[in-house]
Amino acid sequence: MATYSRLPGSVALITLHNPPVNALSAAVRQGIVDAVQRALKDPKVTSVVICGQNGKFCGGADIREFAGPMLGPPLVPMIHAIEAVDKPVAAAIEGVALGGGLELALACHYRIAHSKAVLGLPEVTLGLLPGAGGSQRLPRLIGLTAALDLITTGQPLDSRRLSTLPCPCPPDVDSLLDKVMSKVRQRSRGALAPVACVRALRAAASLPYAQGMEKERELMATLFNSGQARALQYAFFSQRVVGKWSLPSGARWDNSTARIISKAAVIGLGTMGRGIVVALALTGISVVAVETQEKQLAEASRVVPAMLQREAGRRRLATPPGVISFSSNLQDVSEVELVIEAVFEVMSLKLQVFKHLSSVCRPGTLLCSNTSGLDIDQLAAVTQSPGLVVGMHFFAPAHVMKLLEVVYGPRSSPEAVATAMQLGKRMGKVGVAVGNCPGFVGNRMLKPYLEQANFLLEEGATPRQVDEALEEFGFPMGVFRMSDLSGLDVGWRIRKEAGLTGPGVESTRTRQGRRYSPLPDQMCEAGRLGQKTGKGWYQYDGPGGRVARSDPWVHIFLETYRAEHGLVARSITLEEILERCLYALINEGFNILQDAVAAGPEDIDAIYVFGYGWPRHRGGPMFHADQVGLGRILQRLNQHSHPDVPHLKPSTLLRRLVAAGSPPVQKWREFINKERVHSQL
């Protein structure tokens, strides 16, 4: 709603009421229309001020209304009517003025903003453009260049001063817009909304206002019901769903108490450990950073403070970072409240660290592992308090990447899970609580994806062909470019730990009873570890090089490998690459839901969007499955299925969903819970 009052004198005050951010719901829009009409009819009112309740102007449209028929006064005519009022209208902005909220302020004749107010037009992040005049009014107030940056990225406005005077277009507008369009197409990787935003701003620069508004309306109509808009809005709500975690025991986000951590420790100062130290310190937590290797400790002592200073400057922190102390002695963590272990991904080493920590740390200290897939229960078993052990799986670089998998075992206490989730939130992470199994959610699903990519090379594809198909789909990097970036030796070490390769293991294409491709192992044995050695699936200018070029050596290597194993190369289509890689990954997602490792499809999709580069405008792997059609996924998995490739055998849950009529992804959680209850009866 919106309330009307008249201040002493001649000023009418319209206050928006719709907690928490005064979104422009149908009731709020109706309240604004009624209040403006009242102000116009009151002869004692000479001016109008619009503000928001509780220190927040307006957070924009109520996104929940997008799914159904629009009720109440339409936003665009309401905003036009405010602009046409013959009494001066001012927007008094505190807190936020985002999306439709900023468009409302732009239609006012004057704006005054608190110095800490956040202004922006984030519609592009929801697959839309500013559709209530924002694309036409903003460039006229702050200039085309600034408006292009603001609207195509959805980032907040740096300067809070919006001119009341016309802002002329820069010279050579067409050249500017062409350059921006080229950059936007490259950056958006197939997303429609950023491109539509540039087109709307071109209209603002080249057409009269009324015609520009008509172009904005046309573009908005195209986007509003698009699959990409649905995907991006699903991703928006998924981020909120995963914060409302629950455990099989019945413990939940709203009935479990988290500890407030003020002093923590990180064990192991490799690339991941350094990032975790910085992420913790940025929240104001004091950190004891421990590394037993002298050279590594000296390097970290030099690099980490610089990383912290650079990141703190970039974020413009309101509170100073926590103090970091460096040590080579595990005894120095005895007084901390939480420890995050980040040593090499070797179980024997991690067990040794956890045993030591259990004897050194004071009772009640939470012990967390940054393992990317090892058994949390096994680590907990060597400690004195297994209920205080959880996984905190960060993604590199840990102070930048948004995802945090919080891994619980059967003995993990609600307090430990709640504390890890709350700590992740303090660090600005999207925390997702997941069950314990090899690879957890993200890496468990990644395994069949990687396997299929390697099998495709055996059958005739090239690394570039596979990567180009995945990048055209929207991934920032294909599987082989990503492998070169992270280092082929990372996976090699994990496969050795699992007994799949190494001394004494026969080099066959079947390992542990299933199809196996030794191609990545042979690359590592040849010293081709990726960018770090200047050669991997691609060649680079030298160690540390970034520009990937096809390498004739790899083509000869693949031809030789096929000849040795009696394989005949065949032509492989882009469609087959996408189906085998993505549907294998999706199928494992259904298995994860069936095993209750993830609570719902939103958890899986948040993990893949925020941690694995899944294109946000495609919602996530499980949302994508829903869009493609579960029947189609099942049919293609059956088509590609092979007895010695179990990851392509369709999941039982997928079959049941298809048999139930393929309910929409938003209904899967309910379906799974009902199935689980029935199975327990």
Side-chain angles (χ1 to χ4, degrees), residues 1-2 14 16 18 21-37 39-40 48 50 52 57-87 89-91 93 96-109 111 119-142 147 150-151 154 162 192-193 196-205 207-226 229 233:
M1 57 181 284
I14 300 173
L16 313 185
N18 187 14
V21 294
N22 300 319
L24 292 167
S25 64
V28 171
R29 297 196 304 276
Q30 187 64 61
I32 293 171
V33 169
D34 294 344
V36 169
Q37 287 300 314
L40 286 175
V48 180
I50 301 176
F57 181 70
C58 179
D62 188 339
I63 302 169
R64 293 169 297 183
E65 293 185 350
F66 290 2
M70 280 292 187
L71 304 174
L75 182 61
V76 176
M78 181 195 83
I79 285 179
H80 283 335
I82 290 171
E83 189 174 47
V85 166
D86 58 4
K87 297 179 180 181
V89 181
I93 301 170
V96 294
L98 298 174
L102 180 54
E103 289 179 297
L104 172 62
L106 294 176
C108 294
H109 308 123
R111 290 151 294 275
L119 281 63
L121 293 170
E123 287 88 347
V124 69
T125 65
L126 298 173
L128 305 172
L129 55 72
S135 72
Q136 303 305 300
R137 291 188 179 95
L138 190 68
R140 288 170 165 85
L141 290 171
I142 68 171
L150 184 79
I151 292 174
L162 297 176
L192 300 174
C197 288
V198 178
R199 288 176 175 156
L201 285 157
R202 185 183 289 275
L207 298 175
Y209 176 77
Q211 292 179 32
M213 282 299 302
E214 179 59 23
K215 185 66 176 177
E216 180 187 271
R217 187 196 64 77
E218 291 173 7
L219 291 165
M220 184 64 161
T222 302
L223 294 173
F224 194 78
N225 292 313
S226 68
Q233 288 155 35

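Values below: all heavy atoms of this structure, side chains included; hydrogens, waters and symmetry mates excluded.
- The distance from atom CZ of R202 to atom OG of S135, rounded to the nearest 0.5 Å, is 13.5 Å.
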- request: Under the side chain to side chain contact (heavy atoms under 4.5 Å, CB included) rule, what do E103 and L121 come out as? Steps first, then yes or no, please.
  value: CA-CA 8 Å; E103 289 179 297; L121 293 170; 4.0 Å; yes

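- Of all the heavy atoms in L150 and G120, the pair that sits closest is CD1-CA, 4.5 Å.
- Summarising the geometry of A132 relative to I79, their closest heavy-atom pair is CB-CD1, 3.7 Å, with the distance given to 0.1 Å.
- Residues passing the side chain to side chain contact (heavy atoms under 4.5 Å, CB included) test with M78 are R29, I32, V33, L75, L104, sequence neighbours excluded.
- The closest side-chain heavy-atom distance from I82 to V36 is below 4.5 Å.
- Expressed to the nearest 0.5 Å, how far CG of L16 lies from OG of S25 amounts to 9.5 Å.
- Here N22 contributes atom CG and L98 contributes atom CG; the two are 11.5 Å apart, rounded to the nearest 0.5 Å.
- Checked by atom type, the side-chain pair Y209/R137 shows a donor-acceptor distance below 3.5 Å.
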- request: Check the pair V96, C58 against side chain to side chain contact (heavy atoms under 4.5 Å, CB included), reporting the backbone distance first and the verdict last.
  value: CA-CA 6 Å; V96 294; C58 179; over 6 Å; no

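- A donor-acceptor pair under 3.5 Å links the side-chain atoms of E216 to the main chain of G133, judged by distance alone.
- Taking CD1 of I50 as the reference point, atom CD1 of I14 lies at 5.0 Å (rounded to 0.5 Å).
- With a 4.5 Å cut-off on side-chain heavy atoms, E123 and L129 do not count as touching.
- Proximity of L40 to D86: side-chain heavy atoms (C-beta onward) are separated by under 4.5 Å at one or more points.
- Across A23 and V28, no two heavy atoms sit closer than the pair O-CG2, 3.4 Å.
- The nearest pair of heavy atoms linking P73 to A26 is CD-O, 4.0 Å.
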Test log, rule side chain to side chain contact (heavy atoms under 4.5 Å, CB included), inputs Q30 and M1: CA-CA 7 Å; Q30 187 64 61; M1 57 181 284; over 6 Å; no

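- Considering CD of Q136 and CD of E214, their distance stands at 11.0 Å, rounded to 0.5 Å.
- A donor-acceptor pair under 3.5 Å is absent between the side-chain atoms of K87 and the main chain of V48, judged by distance alone.
- Side-chain atoms of F66 and L128, non-hydrogen and from C-beta on, do get closer than 4.5 Å to each other.
- Side-chain contact between I151 and P130: present, with at least one pair of heavy atoms (C-beta onward) separated by less than 4.5 Å.
- For the pair L219/R199, a side-chain contact is recorded, criterion being any heavy-atom separation below 4.5 Å from C-beta on.
- Contact of the E218 side chain with the T222 side chain is not registered, since no non-hydrogen atoms from C-beta on lie closer than 4.5 Å.
- R111 places a side-chain heavy atom less than 4.5 Å from the side chain of L141.
- Without hydrogens or angle criteria, H109 side chain to A90 main chain gives no donor-acceptor distance under 3.5 Å.
- To the nearest 0.5 Å, atoms CG (D62) and CG (N18) are separated by 6.5 Å.
- Contact detail for L201 and P139: the closest heavy-atom pair is CD2-CG, 3.7 Å.
- The closest donor-acceptor contact from the side chain of Q233 to the backbone of L126 lies under 3.5 Å.
- In terms of heavy atoms, G31 sits closest to A2 at C-CB, 3.6 Å.
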